[in-house]
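Working notes, beginning with the structure itself.
What's counted below: heavy atoms across the whole structure, side chains too, no hydrogens, waters or symmetry copies. Letters A, B, ... are given to chains in the order of the sequence lines, protein chains preceding strands, and every chain is numbered from 1.
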2 protein chains.
Amino acid sequence: MTSKLNLRQTPVRQANVRQCTNVSCKDCSLSPLCLPTALRFEEDIINLDHIIKRGRPLKKGEHLFLEGDAFTSVFAVRSGSLKTYTSTNEGEEQITGFHLPSELVGLSGMDTDHYPVSAQAMETTMVCEIPFDKLEELALEHPQLRRQLMCVMSKEIRDDQQMMLLLSKKNADERIATFLVNLASRFRRRGFSSQSFRLSMSRNEMGNYLGLAVETVSRVFTRFQKQDLIHAVGKEIEILDPQALSRMAGGKARDQIELTSVH
Amino acid sequence: MTSKLNLRQTPVRQANVRQCTNVSCKDCSLSPLCLPTALRFEEDIINLDHIIKRGRPLKKGEHLFLEGDAFTSVFAVRSGSLKTYTSTNEGEEQITGFHLPSELVGLSGMDTDHYPVSAQAMETTMVCEIPFDKLEELALEHPQLRRQLMCVMSKEIRDDQQMMLLLSKKNADERIATFLVNLASRFRRRGFSSQSFRLSMSRNEMGNYLGLAVETVSRVFTRFQKQDLIHAVGKEIEILDPQALSRMAGGKARDQIELTSVH
DNA sequence: AGATGGTAATGACCGAAGTCAATGTTTACA
DNA sequence: TGTAAACATTGACTTCGGTCATTACCATCT
């Protein structure tokens, strides 16, 4: 069917490595987007701090966990980016998500005791590891934190359902437009430019995620450039006409407003 | 892109209707599959009972809630079946799931205060309504119940991701095979035959859900019959060769075993 | 700096599934 | 119980995007 990704590096797991880089949540620039949002008092954030393990950075291609590994922790991306993927019987991989700083990874393993996907670094990446049993303990005393965990999951469900819509109703142009608009708005939330950014994934990974062949991704990119919608040099992307791109993306009006209202 | 469903009946909401049919959770045949699983003591189940509202049955085509409605409750299907769907800008609908007895609907609205999908009865359907604030109160004292809610959500995420895999990697035959195998195994869990059952959705709805045109669904059905994989008369389906169908479905080995081990 | 292997772009061709249209079959409800 | 509307099937034709093949690019790594 679609092409196989064979860039898979030797799967060395890198969880449970406590070391260096002991920035605390309190000082982390991501804390307003991340778990600490749920904790009102400095004291509670310090408690969270104590259970978080900050490992050494993952290098590009290293795995954080593999599909089937025992579920022990959830992870928050601190810097860099991850992808998660499952594989079919025949060994083809299907990327289920790309994860930027402040996003939580691994929660979907909760009810099976095993991660249902593999998580791999797409570039040098730092993560905070949060042992799940400790997180549950902390959540015992913090309804807010409990609620936030549920919220993260319910948001993931909604996003996945939008993805299902994309995969079953949108054509190649609409898929790529949607993808770029979505990335742009995630970058903006994190304080980066939404006009101009660097894609951390290859065309191949993008195609895999969007249900398209690499060649199609390439063709759409060149077409978008001819139409002056974007300007792309390798992985550097500049969005020239966000409104047009948003319109093309179709989907929910909500997302469009989100992108075009601020810049 | 794909065909539009215009069978949408006048959207009359039917939540909050307390009436008749006051079977208690304790006596409900679904309780081992449903929320009460999390509650060990009869007393606690009685508490759950008290917060549940059992409305009058929904008729085919009636809505339980609409996309954008205020999120107030989650619902458990008691009998019949529901579909949930979102719609694109252009008013096309995308079915995001079919829901059988004992399954929970509405949880993905948790973090936005609005349901992100509409839920509609596909046949005469009874549901238990569980006001979310009450459920949260009850969950305060029952870590088990909290855990189960999280589990339901994490299972939904995993299922949605399998659906993404289907939509982006599988061809028409594989999609339909996967769908039938999955339905069969859900029926078996509920004590019904997994060899022979009635589809509650139309070919159109099936196609919509699977990202296929109605015509394709029809053609695959006739092809499967010629190959003696299934026997279909209208909505009545008989699975003649579960192993072959499972093999064709590809996907996770896990699901295949589930279908073929018992019968 | 030069070689090498993964990554990207582009063209030619093909095929699975979509669209359109015509016809047959259920279902619902008056 | 009859009839209209919704649903399902089938065939003919088209199309979008996949596959294959070639060339160009660029990022490491010795």
Got a sec, which residues hit side chain to side chain donor-acceptor pair (under 3.5 Å) with [X], two or more places apart in sequence or on another chain?
| X | value |
| --- | --- |
| A:K235 | none |
| B:E236 | B:R198 |
| A:Q225 | none |
| A:T84 | A:T96, A:H99 |

Could you tell me if [Y] and [X] have a donor-acceptor pair between their side chains, going purely by distance under 3.5 Å?
| X | Y | value |
| --- | --- | --- |
| A:R175 | A:N171 | no |
| B:Q94 | A:S168 | yes |
| B:R190 | B:S102 | yes |

Exercise. Taking the six-membered ring of B:Y85 as reference, does the NZ or CZ atom of B:K83 fall below 6.0 Å from its centre and within a 45° cone about the axis?
Worked result: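 Checked: cation-pi criterion met.
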
Can you check whether [X] has a side-chain N or O nearer than 4.0 Å to OP1 or OP2 of [N]?
| X | N | value |
| --- | --- | --- |
| A:S218 | C:dT10 | no |
| B:K60 | C:dA28 | yes |
| A:T222 | C:dT10 | yes |

For [X] and [N], give me the distance from atom [atom1] to atom [atom2], rounded to whole Å.
| X | N | atom1 | atom2 | result |
| --- | --- | --- | --- | --- |
| A:N204 | D:dG18 | CG | C1' | 14 Å |
| B:F221 | D:dT10 | CZ | P | 12 Å |
| B:R198 | C:dT27 | CZ | P | 6 Å |
| B:E236 | D:dC7 | CD | C1' | 16 Å |
| B:L199 | D:dA8 | CG | P | 10 Å |
| A:N208 | D:dG18 | CG | C1' | 15 Å |
| B:R203 | C:dG18 | CZ | C1' | 19 Å |
| A:I237 | C:dA8 | CD1 | C1' | 13 Å |

Problem set entry | ring pair (Phe, Tyr, Trp, His ring centres under 6.0 Å) pairs, two or more places apart, involving residues 201-222 of chain B |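 Qualifying pairs: B:F98-B:Y209, B:F179-B:Y209.
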
Under-3.5 Å N/O pairs linking protein and nucleotides 20-23 of chain D:
from: D:dC20; atom 1: N4; to: A:E215; atom 2: OE2; distance (Å): 3.0

Problem set entry | Test salt bridge (charged side-chain N to carboxylate O under 4.0 Å, His left out) applied to B:D159 - qualifying residues, sequence neighbours left out |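 Partners of B:D159 by the salt bridge (charged side-chain N to carboxylate O under 4.0 Å, His left out) criterion, ordered by chain and then number, come out as B:K155.
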
Extract from the structure each pairing of a protein N or O with an N or O of nucleotides 24-27 of chain D at less than 3.5 Å, listing the distance.
none

Problem set entry | ring-ring contact (aromatic ring centres under 6.0 Å, His included) partners of A:Y115, counting only residues at least two apart |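 Testing A:Y115 for ring-ring contact (aromatic ring centres under 6.0 Å, His included), a comparison that skips the adjacent residues, returns A:F65, A:F71.
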
Exercise. For A:S81, what residues pass the side chain to side chain contact (heavy atoms under 4.5 Å, CB included) criterion, not counting sequence neighbours?
Worked result: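 Checked A:S81 against side chain to side chain contact (heavy atoms under 4.5 Å, CB included); matches are A:L100, A:M122, A:E123, A:S200.
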
For this session: Dot-bracket for DNA chain C, please, read 5' to 3', with Watson-Crick or G-U wobble pairs under 3.5 Å on both distances, ( ) within the strand, [ ] crossing, | other strand, . unpaired.
Result: ||||||||||||||||||||||||||||||

Exercise. Is A:R78 salt-bridged to A:E103, going by a charged N under 4.0 Å from an acidic O?
Worked result: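 So A:R78 does not pair with A:E103 through a salt bridge.
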
For this session: Please test B:S73 against B:E129 for side-chain hydrogen bond (donor to acceptor under 3.5 Å, both in side chains), starting from the C-alpha separation and ending with a verdict.
Result: CA-CA 6 Å; B:S73 301; B:E129 175 174 1; 2.7 Å; yes

Between protein and nucleotides 13-17 of chain C, what N or O pairs are separated by less than 3.5 Å?
from: C:dA17; atom 1: OP1; to: B:A172; atom 2: N; distance (Å): 2.7

